[in-house]
Amino acid sequence: MLEVFWRHCFPTEDCFVQSLIAALDSVTAFLCQKLFLALRLSGSRLPDLSTREPPSLRTSQTSPETRERWFSPTRDSPGVTLRAPSLAAPTTRRPEGQGLAARAGGTSALWSWAGRAGRAERGWRGVEGRRRSALALAMERPAPGEVLMSQAIQPAHATARGELSAGQLLKWIDITACLAAEKHAGVSCVTASVDDIQFEETARVGQVITIKAKVTRAFSTSMEIGIKVMVQDMVTGIEKLVSVAFSTFVAKPVGKEKIHLKPVTLLTEQDHVEHNLAAERRKVRLQHEDTFNNLMKESSKFDDLIFDEEEGAVSTRGTSVQSIELVLPPHANHHGNTFGGQIMAWMETVATISASHLCCAHPFLKSVDMFKFRGPSTVGDRLVFTAIVNNTFQTCVEVGVRVEAFDCQEWAEGRGRHINSAFLIYNAADDKENLITFPRIQPISKDDFRRYRGAIARKRIRLGRKYVISHKEEVPLCVHWDISKQASLSDSNVETLKKLAAKRGWEVTSTVEKIKIYTLEEHDVLSVWVEKHVGSPAHLAYCLLSDFTKRPLWDPHCVSCEVIDWVSEDDQLYHITCPILNDDKPKDFVVLVSRRKPLKDGNTYTVAVKSVILPSVPPSPQYIRSEIICAGFLIHAIDSNSCIVSYFNHMSASILPYFAGNLGGWSKSIEETAASCIQFLENPPDDGFISTF
């Protein structure tokens, strides 16, 4: 059998030799590229090889003087010696067409790379990428317990846009993570689940992908693997982050042997941070199914908001795509189980086709939703992939993919095994690289409605995991309070709030009786809009909400709020303190509150809030000084006895933890606070304020 396979792949000895030569030539070119880049980054001068090739380099006619001129350092290039003894050493000349060098042009490839490096010398000096240590680039080694994979992106790995195929990247990620898991466990491991994967950058042909994976925490028989993907441009040396992801692997010992994984050795402060966060991420994974089911039950409460007939809305029936793959030995591990990364790559292919049917363009993968493998497939199985668009959200579209496996008997009977379902989110760009806005989806059948609601629920859960579990550093405060610029600061505060409210793309995420919650995501910055129907006059709600000393009466996130300076009737400075959260020190804020009554022809009251720097109230060691970027209330009168109160918050890193549970769908903190606010506005405390008003 092996002989038949060998003869099929390599009919003649020359075919085998040529394949081997091609592989060696590719490796040689890649290593030379890395070497020359490292030398450039070190600031050393290389000989200009662009003008001509070393005379008679491959023959014994090369003189010692020639070799000295080409391979020895000069006065202008101290510190680094570029030598190639194996090439410069005299050799016996071979007849034309014989020898590996003659067949593959190995030395020609080397000098071709050298020539290109020499031609680029003049433009290289000003490149920012050379600041990186040449030694770190050329001699980079993985840390203990870490697995490192480097891949040069070839045309075979790319899409029609010349970018690295997301499916190919998913395969590399899964292989690297699996090897890291097996390095820690000492036994074979299989992919159990994959957390959300966000793709921040695209990689193109000619660039190099580096994937680092290591075990962040080991539990009883499962491990969390942290994965970091970087892309490097070999011309400039600049590296960019492509993705940070987490997957779970399960140890599979041979036979009935039981295994208990050893704990992870924590060497750095970052290791300790990731080790602690791994437990939180595990809780989210375990709660994922229950959270999703709860959100699906609630989604029927706002069907009227999302299922109304809309102009331009389209059906998803034309986006259904089906494909089939036969699992062969190269697709499986040594146990015969299909690689999880291979299944993900096939899913990405069929999902991309489905998304392209909706946008009539080349979509590119932006993220993959959390999923787990329901069951294994083995060599010989037929895998059937079915993909269809579930929903659209402005510039992104969610595609669902279902995978069923069939052995020979199941295939004949038409009875498959559901082994996986995944949800992939795509963007698409036009000819000018501007993001395309997808048409709204109009569900028709019962299954359409189920998938439509599911996409909304998954988006809400993604927001929670993306903005809560990930770390974001606080942006330093940059707005200084200056009494001489009071008018401009106050007007800017109000206008910023109005611009936030007027933005397009707000998506409904929740509704409970009188309360609706919307979210807006722009360039990885999240904003929240909470709309409340209040049975109280608009002018009364305005007076109560603009007096921040009363906020602790209804807002559990506010412990105290004291007036620092009553600047004017419309502007006040407050110092706000918040409760302890996540066993950390409490946060505090110094804010400018600017309020405006409606104009004669308007009926909207405004209360805008923004953090400022005030020298008279410096940061205290008891608190973590934090920032409110833009927040506030817009109060719109419905009639003389009711109004709509809309609260907006452009979230900073310090605000996100207070919305953590609600964003992910496993808490009702926003709804509870909004209900408390409604109760406060409809039944204000009798402290003399109402009689005075």
Side-chain angles (χ1 to χ4, degrees), residues 460 463-464 466-468 472 474-475 477-479 492-512 515-532 534 541-542 545-546 548 551-552 554-559 561 574 576-579 581 587-596 604-612 624-636 644-665 667-678 680-681:
R460 181 171 174 181
L463 287 176
K466 178 179 179 180
Y467 289 100
V468 177
K472 288 202 170 192
E474 184 69 69
V475 178
L477 296 170
C478 57
V479 179
S492 173
N493 194 11
V494 172
E495 288 303 315
T496 302
L497 176 62
K498 290 182 178 180
K499 288 180 180 179
L500 176 62
K503 287 186 176 181
R504 301 179 59 185
W506 290 97
E507 299 281 352
V508 178
T509 60
S510 176
T511 181
V512 179
I515 304 165
K516 298 174 187 175
I517 300 176
Y518 304 78
T519 56
L520 174 67
E521 190 177 17
E522 293 181 312
H523 308 295
D524 289 336
V525 177
L526 187 67
S527 299
V528 171
W529 166 19
V530 184
E531 184 180 273
K532 304 179 284 287
V534 180
Y542 165 72
L545 293 175
S546 62
F548 267 49
R551 186 152 184 168
W554 60 268
D555 188 352
H557 303 118
C558 183
V559 174
C561 189
Y574 290 91
I576 303 174
T577 61
C578 300
L581 187 67
K587 301 178 185 294
D588 72 335
F589 303 84
V590 175
V591 300
L592 167 66
V593 176
S594 304
R595 57 184 189 175
R596 298 287 189 274
T604 300
Y605 296 81
T606 305
V607 181
V609 186
K610 184 176 185 178
S611 288
V612 293
I624 300 175
R625 179 58 54 85
S626 303
E627 181 179 16
I628 296 175
I629 300 175
C630 173
F633 301 93
L634 294 181
I635 305 164
H636 178 77
I644 295 177
V645 176
S646 295
Y647 172 74
F648 296 88
N649 196 316
H650 184 80
M651 291 193 179
S652 63
S654 56
I655 295 295
L656 278 170
Y658 294 100
F659 292 86
N662 195 278
L663 287 174
S667 170
K668 296 293 181 183
S669 60
I670 298 180
E671 288 91 342
E672 291 169 357
T673 302
S676 176
C677 181
I678 294 174
F680 171 76
L681 295 176

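You'll find the side chain of D555 stays beyond 4.5 Å of the side chain of F680, heavy atoms only. Using a 4.5 Å heavy-atom threshold, the side chains of F589 and V609 count as separate. Under the 4.5 Å side-chain criterion, counting only non-hydrogen atoms from C-beta, V534 is not in contact with C677. Proximity of W529 to S646: side-chain heavy atoms (C-beta onward) are separated by under 4.5 Å at one or more points. Taking the side chain as every heavy atom from C-beta outward, W554 and T673 approach each other to under 4.5 Å. With a 4.5 Å cut-off on side-chain heavy atoms, I629 and T496 do not count as touching.
Remark: the backbone N or O of H650 is not paired with any side-chain donor or acceptor of S527 at under 3.5 angstrom. Using a distance-only test at 3.5 Å, with no hydrogens or angles considered, no donor-acceptor pair links the side chain of S546 to the main chain of R595. The backbone N or O of L592 lies less than 3.5 Å from no partner atom in the side chain of S594, so there is not a single donor-acceptor pair. Counting only distance, with no hydrogens or angles, the side chain of S676 and the backbone of E672 share no donor-acceptor pair below 3.5 Å.
The minimum heavy-atom distance between I515 and A674, with the atom names listed, is CD1-CB, 3.7 Å. Between I635 and Y542 the shortest heavy-atom distance is CD1-CA, 3.4 Å. Residues C578 and V559 share a closest heavy-atom pair of C-CG2, 3.6 Å. Across all non-hydrogen atoms, the minimal contact from E627 to S652 is O-OG, 2.6 Å. When all heavy atoms of C561 and I576 are compared, the closest pair comes out as SG-CG1, 3.6 Å. Counting all heavy atoms, side chain and backbone alike, P579 lies closest to H557 at CD-O, 3.2 Å.
From I644, atom CD1 reaches atom NZ of K532 across 11.5 Å, with rounding to the nearest 0.5 Å. The CG atom of L520 sits 11.5 Å away from atom CE of M651, with the distance rounded to the nearest 0.5 Å. Annotation: the span from F633 atom CZ to L545 atom CG amounts to 5.0 Å, rounded to 0.5 Å. The distance from the CD atom of E495 to the CZ atom of R596 is 9.0 Å, given to the nearest 0.5 Å. How far OG1 of T519 is from CD of E507: 7.0 Å, rounded to the nearest 0.5 Å. Separation of atoms CG (N649) and CD1 (I670) is listed at 9.0 Å; rounding is to 0.5 Å.
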- Task: In sequence, state the C-alpha distance, the side-chain angles, and the governing distance for K516 and V508, and then conclude on side-chain contact (heavy atoms from CB on, under 4.5 Å).
- Result: CA-CA 7 Å; K516 298 174 187 175; V508 178; 5.6 Å; no
